[in-house]
Amino acid sequence: MEMEKAKKRGRPAQLLQIAESHAFVEFLEQQEQLSDLQSQVLKALNSVDCNFEMLSEAEQILVKEALKPYREHLKLQLLFDELSKNSKRTEYEGKFIQLYESYQKNELDPAELNILKVMCTRYHKFKAQQLELKDLELYLSQIQKKDAGKKRKAENQRKFELGGAVLGAFKDLGMDISESTPEQIRNRIKNVTKFHN
């Protein structure tokens, strides 16, 4: 009697199709800079003509790891392509497109990139009718609050810098303004400007 092999538990082995391997290699070759992992993977895939099954087990693990950001990129790109076709867009879809365009120009910081990815995931769940429209609107309102907070912070930083410039100018002129009110300082600047003109 033959002994049956014990079934492996967990996920089935992920095999990479040759077409996806070729697309992945093209994607890597178009990047301006590659990480060490991406460079290793590119070299390995090119050495076996993009045939995933011919790679060693260690190389397959590296390829799977390097594929994660690529697949995320594809997911974002597909949603962008789909939404770009619609002339009528919800506010949520418009925000996604705006963020994706910044992503294409490498202008997103890590927090904004994370927002883009979450928006994509939530949108897909919404489309699969696992979420209600109010969930998308709630998330969008949270993003808008963050954006408004960033603008406020930038405006406050600008005011702080201008205040520092005014204090520095009076100090350079040897004028003591420690007892002056903001209104008095404003009037002094106005008067000097009028006199100068």
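Numbers here simply count residues along the sequence, with the first being 1. Owing to the predicted nature of the structure, the values given are computational and were not obtained by experimental measurement.
More than 12 non-hydrogen atoms from other residues, nucleotides or ligands lie less than 6.0 angstrom from CG of D109.
The hydrophobic clustering, which links ILVMFWY residues whose side-chain heavy atoms are closer than 4.5 Å, places I185 and M175 together. At a threshold of 4.5 Å between side-chain heavy atoms, the hydrophobic network of Ile, Leu, Val, Met, Phe, Trp and Tyr places I61 and V48 in two separate groups. The hydrophobic clustering, which links ILVMFWY residues whose side-chain heavy atoms are closer than 4.5 Å, places V166 and L173 together.
For the pair E20/V25, no side-chain contact is recorded, criterion being any heavy-atom separation below 4.5 Å from C-beta on. Considering only heavy atoms from C-beta on, L76 stays 4.5 Å or farther from F80 through its side chain. Between L28 and Y70 the shortest side-chain heavy-atom distance does not fall below 4.5 Å. Between K171 and L167, every side-chain heavy-atom pair lies at or beyond the 4.5 Å cut-off.
Salt bridge K85/E82: absent, no basic N to carboxylate O contact under 4.0 Å. Looking at K150 and E112, a side-chain N of the basic residue comes within less than 4.0 Å of a carboxylate O on the acidic one, giving a salt bridge.
Within the model, atoms CD of E101 and CG of L116 stand 11.0 Å from one another, a figure rounded to the nearest 0.5 Å. A distance of 9.0 Å separates CD in Q40 from CD in E59, rounded to the nearest 0.5 Å. Residue L37 holds its CG atom at 11.0 Å from CG of L42, rounded to the nearest 0.5 Å. Summarising the geometry, atom CG belonging to L74 is positioned 9.5 Å from atom CG belonging to L67; distances are rounded to the nearest 0.5 Å. Taking CZ of R122 as the start and CD1 of I115 as the end, the distance is 11.0 Å to the nearest 0.5 Å. Here the CD atom belonging to Q77 is positioned 4.0 Å from the NE2 atom belonging to H73, to the nearest 0.5 angstrom.
Applying the side-chain hydrogen bond (donor to acceptor under 3.5 Å, both in side chains) rule to Y100 yields no partners; only residues at least two apart in sequence or on another chain are considered. Among residues two or more places apart in sequence or in another chain, the side-chain hydrogen bond (donor to acceptor under 3.5 Å, both in side chains) test is passed with Q33 by none. With sequence neighbours excluded, the residues satisfying side-chain hydrogen bond (donor to acceptor under 3.5 Å, both in side chains) with E72 are K117.
Panel note: side chain N86, backbone K88; no donor-acceptor pair is recorded below 3.5 Å. Within the 3.5 Å criterion, the main-chain N or O of S35 finds a donor-acceptor partner in the side chain of Q38.
Under 3.5 Å, the side chains of E161 and Q157 contain a donor-acceptor pair of N or O atoms.
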Please lay out, stage by stage, how E29 and N46 fare under the test side chain to side chain contact (heavy atoms under 4.5 Å, CB included).
-> CA-CA 11 Å; E29 288 172 343; N46 279 330; 3.9 Å; yes
Show your reasoning for whether side chain to side chain contact (heavy atoms under 4.5 Å, CB included) applies to M119 and L79.
-> CA-CA 10 Å; M119 285 184 83; L79 181 57; over 6 Å; no
May I have the step-by-step check of side chain to side chain contact (heavy atoms under 4.5 Å, CB included) for Q60 and E65, ending in yes or no?
-> CA-CA 9 Å; Q60 287 182 0; E65 192 59 35; over 6 Å; no
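Shortest non-hydrogen contact noted between F24 and A66 is CZ-O, 3.6 Å.
When each of L45, V41, L62 is tested with L55 by the rule side-chain contact (heavy atoms from CB on, under 4.5 Å), just one qualifies, namely L45.
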